[in-house]
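Source: prediction; values computed, not measured. The figures here come from the full heavy-atom set of this structure, side chains too, leaving out hydrogens, waters and symmetry mates.
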Amino acid sequence: QVQLVESGGGLVQAGGSLRLSCAASGRTFRTNTMGWFRQAPGKEREFVAAVDWSGASAYYADSVKGRFTISRDVTKNTVSLQMNSLKPEDTAVYYCAAGPAIATRRTPRSVDYWGQGTQVTVSS
């Protein structure tokens, strides 16, 4: 069992930055791929980024590549998403996720555990 709690969402102007954090607990955290998904109003939940169990390999959706950076601290059981050059189209609820196939399948069905979500709003 893995429990995930996000923090760090908020309102920012276009071009600004935000950092999301996810605190994880549970004995399987260290062996799980971790990631972030997002869901905008009226749209399906979509993959944003993932990082493997060691933190050595990161994966990104094309829409955020070069602007977002995912990282994990195994010693602190945290996963972070640094979001720079934010655009209004990045507005969504962001969910922390855990599951061994997140990086390869990149679908909500590949997620075993979800956080409760945190709102990110980017104004133009």
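The environment of Q116 atom CD is dense: over 12 non-hydrogen atoms of other residues, nucleotides or ligands sit within 6.0 angstrom. Residue R19 places its CZ atom among more than 12 non-hydrogen atoms of other residues, nucleotides or ligands, all under 6.0 Å distant.
The line from CZ of R72 to OG of S21 is 13.5 Å long, rounded to the nearest 0.5 Å. Atom CD of residue E6 and atom OG of residue S80 lie 12.0 Å apart, to the nearest 0.5 angstrom. Rounded to the nearest 0.5 angstrom, T33 OG1 and W53 CH2 are separated by 10.5 Å. For the atom pair CD (Q13) and OG (S124), the distance works out to 9.5 Å, reported to the nearest 0.5 Å. Here the CG atom belonging to D73 is positioned 4.5 Å from the OG1 atom belonging to T78, to the nearest 0.5 angstrom.
When the side chains of ILVMFWY residues are joined at heavy-atom separations under 4.5 Å, either directly or via intervening members, F68 and Y95 end up in two distinct hydrophobic clusters. Under a hydrophobic-cluster definition in which Ile, Leu, Val, Met, Phe, Trp and Tyr are linked whenever side-chain heavy atoms come within less than 4.5 Å, directly or via other members, Y113 and I70 are assigned to the same cluster. Hydrophobic clustering (side-chain heavy atoms under 4.5 Å, transitive across Ile, Leu, Val, Met, Phe, Trp, Tyr) keeps V2 apart from V111. Under the 4.5 Å side-chain heavy-atom criterion for ILVMFWY residues, a single connected hydrophobic cluster contains both V12 and L81. Y59 and M34 are not part of a single hydrophobic cluster, where members link through side-chain heavy atoms under 4.5 Å apart.
The aromatic rings of F47 and F37 sit perpendicular, their planes meeting at an angle over 60°, well past the 30° parallel limit.
Checking side-chain atoms of T91 against main-chain N and O of V122 turns up a donor-acceptor pair under 3.5 Å.
D112 approaches G99 most closely through the heavy-atom pair OD2-CA, 3.9 Å. Considering all non-hydrogen atoms of both residues, S110 and R105 come closest at CB-CB, 3.8 Å. Among all heavy-atom pairs drawn from G9 and V120, the shortest one is CA-CG2, 4.2 Å. Summarising the geometry of L86 relative to L18, their closest heavy-atom pair is CD1-N, 3.8 Å, with the distance given to 0.1 Å. Among all heavy-atom pairs drawn from S17 and S85, the shortest one is OG-N, 4.4 Å. Residue T69 comes nearest to Y60 through the heavy atom pair CA-OH, 3.3 Å, listed as atom of the first residue, atom of the second, then distance.
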Give the intermediate values and the outcome of side-chain contact (heavy atoms from CB on, under 4.5 Å) for residues W36 and C96.
CA-CA 5 Å; W36 293 89; C96 184; 4.1 Å; yes
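The side-chain heavy atoms of S57 and V51, taken from C-beta on, include no pair separated by under 4.5 Å.
Sorted by first and then second residue, the pairs that involve residues 34-47 and meet salt bridge (charged side-chain N to carboxylate O under 4.0 Å, His left out), not counting sequence neighbours, are R38-E46, R38-D90.
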